[in-house]
There are 2 protein chains.
Amino acid sequence: MSDLLERLREQGWRLTAQRRVVAEVLNGQHVHYTADEVHARAVERLPEIARATVYNTLSELVALGEVLEVSTDGRAKRYDPNAHHSHQHLVCSRCGTIRDVHPLGDPLATLPESERFGFAISEATVTYRGVCPNCT
Amino acid sequence: MSDLLERLREQGWRLTAQRRVVAEVLNGQHVHYTADEVHARAVERLPEIARATVYNTLSELVALGEVLEVSTDGRAKRYDPNAHHSHQHLVCSRCGTIRDVHPLGDPLATLPESERFGFAISEATVTYRGVCPNCT
DNA sequence: AGCCTACATTGGACATTGTCCAAGTCAAGA
DNA sequence: TCTTGACTTGGACAATGTCCAATGTAGGCT
């Protein structure tokens, strides 16, 4: 954790109480919070932190590659602090549980040139859906 | 197309001018519109159609399985009329445009047994992201 | 240690997307 | 053609996110 803050500071990130709190809220979570959930938890530690600051900080962490932005439904984006291991998601269609999985091969390689339509493609994400053992 | 309307009518769908226009806008598109884009195009044909009606109609088409709802970013959901052919999506990370694409191989096959954790997996969706020609 | 100043934070207004509802309208069966 | 229940409308409201001018402050400099 302090590794993270240290790394960011070396990249010229000014280390403020607000940013520290946001980073602490994200750290080590097994659930992915929405921005407002992060804000709610940050407020518990630093009562006057503004919503805009949380949004700003999350965007910065995403831009710096420290956190992933995940949008599972059409609603609020969620923030995944586990950005350093490339992984895909396995989702239970009954209960919504999400597991991280590691497929074979490079998903990007599966799209032939003729199907790229002039896009400069940089990323491919795969979501597997099925019924988990608990819901069977 | 009239097939679609016919099928819906047989399911008890009341066939109104508004619904017809929404279905016509969606028909045969390989680029997927947001609800507001559908509304904008519907207005060209039926000037007084309400935004709420477009939202209602799209939700009904999704519930009836005639259209897929795709939410790739945290922004507006998009509607995919091509619900009867398996395909994947190519998304512009700038403007959010979505195209249908057909990758090589079966995405389901990329997840080894050891990574399935007892799930009965039935589906895999792949989302390719990049910058489209218009946004370059 | 104290001062500067560029960068960060704040709070509120605004934007986008979507939902809800009461009142009016109309498709389609009798 | 008449009736009726389903559909549409327009506007209010909700959820999420963005922007901005005023204020505060971290960290470098002396």
Side-chain angles (χ1 to χ4, degrees), chain A residues 2 5-25 32-43 45-64 66-67 69-79, chain B residues 2 5-25 32-43 45-64 67 69-79 91 93-98:
Chain A
S2 45
L5 294 178
E6 197 55 38
R7 236 181 307 145
L8 294 174
R9 203 156 62 83
E10 278 162 13
Q11 295 183 33
W13 222 51
R14 184 176 289 184
L15 190 44
T16 67
Q18 290 84 349
R19 287 173 167 182
R20 206 184 329 252
V21 164
V22 169
E24 282 171 14
V25 167
H32 305 336
Y33 295 138
T34 64
D36 268 357
E37 285 167 354
V38 171
H39 178 236
R41 283 167 179 78
V43 160
R45 307 187 190 203
L46 187 67
E48 290 313 307
I49 190 172
R51 219 165 49 97
T53 300
V54 172
Y55 277 92
N56 288 340
T57 303
L58 289 171
S59 299
E60 287 156 9
L61 287 170
V62 169
L64 291 167
E66 295 293 341
V67 162
E69 206 171 58
V70 181
S71 74
T72 50
D73 47 15
R75 304 169 73 186
K77 291 182 222 168
R78 289 171 179 273
Y79 294 87
Chain B
S2 45
L5 294 177
E6 197 54 37
R7 237 182 305 146
L8 294 173
R9 204 157 60 84
E10 277 161 12
Q11 294 184 34
W13 223 50
R14 183 176 290 182
L15 189 44
T16 66
Q18 291 83 351
R19 287 175 168 181
R20 204 180 335 247
V21 164
V22 169
E24 282 171 13
V25 166
H32 306 326
Y33 297 136
T34 63
D36 268 357
E37 285 166 354
V38 172
H39 178 236
R41 283 169 177 76
V43 160
R45 308 186 190 203
L46 188 67
E48 289 313 306
I49 189 171
R51 219 166 49 99
T53 299
V54 172
Y55 276 92
N56 288 340
T57 303
L58 289 172
S59 298
E60 287 155 9
L61 288 170
V62 169
L64 291 168
V67 162
E69 205 173 59
V70 184
S71 78
T72 51
D73 48 17
R75 299 159 76 186
K77 291 183 221 168
R78 289 170 180 271
Y79 294 87
V91 181
S93 19
R94 296 258 171 86
C95 67
T97 293
I98 300 180

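Lettering follows sequence order; numbering is per chain, from 1. Reckoned from all heavy atoms, side chains included, excluding hydrogens, waters and symmetry mates.
- One cannot find a donor-acceptor pair under 3.5 Å joining the base of D:dG10 and the side-chain atoms of B:Arg51.
- Checking the phosphate oxygens (OP1, OP2) of D:dT9, a side-chain nitrogen or oxygen of B:Gln18 falls inside 4.0 Å.
- Ranked by how close their nearest DNA chain D nucleotide is to the 5' end, A:Arg9 and B:Asn56 are led by B:Asn56.
- Remark: P of D:dG17 and NZ of B:Lys77 are 14 Å apart, rounded to the nearest angstrom.
- A:Thr16 has a side-chain polar atom (N or O) that falls below the 4.0 Å cut-off from OP1 or OP2 of C:dT9.
- Look at NE2 on B:His39: it is 15 Å from P on C:dT19, rounded to the nearest Å.
- Within 4.0 Å of B:Ala76, counting heavy atoms only, lie sugar-phosphate atoms of the nucleic acid but no base atom.
- When the options A:His39, A:Gln18, A:Arg41 are evaluated for a side-chain contact (heavy atoms from CB on, under 4.5 Å) with A:Val54, the one that passes is A:His39.
- With rounding to the nearest 0.5 Å, the separation of OG1 in A:Thr57 from CD1 in A:Ile49 is 6.5 Å.
- Taking the nucleotide of DNA chain D with the nearest heavy atom to each of A:Thr34 and B:Gly12, the more 5' of the two is matched to B:Gly12.
- Considering only side-chain N and O atoms, A:Tyr55 lies nowhere under 4.0 angstrom from the phosphate OP1 or OP2 of D:dT18.
- Residue contacts shown for B:Arg19 are limited to sugar-phosphate atoms, with no base heavy atom under 4.0 Å away.
- For B:Leu58 and C:dT19, the CG to P distance is 10 Å, given to the nearest whole Å.
- Counting atom types as modelled, A:Arg14 pairs no side-chain N or O with a base atom of C:dA8 as donor and acceptor under 3.5 Å.
- The distance from atom CD of A:Glu37 to atom P of D:dT16 is 9 Å, rounded to the nearest whole Å.
- In this structure, B:Trp13 and B:Tyr79 both approach DNA chain C, and ranking their closest nucleotides by distance from the 5' end singles out B:Tyr79.
- Atom CG in B:Leu15 sits about 14 Å away from atom C1' in D:dT8, given to the nearest Å.
- Between the C1' atom of C:dG18 and the CG atom of B:Asp36 lies a distance of 9 Å, rounded to the nearest Å.
- Between the OH atom in B:Tyr33 and the CD1 atom in B:Ile98 there is a gap of 12.5 Å [rounded to 0.5 Å].
- Between the CD atom of A:Glu10 and the P atom of D:dG28 there is a distance of 12 Å, rounded to whole Å.
- Under a 4.0 Å N-O distance rule, the pair B:Arg7/B:Glu10 does not qualify as a salt bridge.
- Distance check: A:Arg20 CZ to A:Leu8 CG gives 11.5 Å after rounding to the nearest 0.5 Å.
- The nearest whole Å value for the distance from the OH atom in A:Tyr33 to the P atom in D:dG17 is 17 Å.
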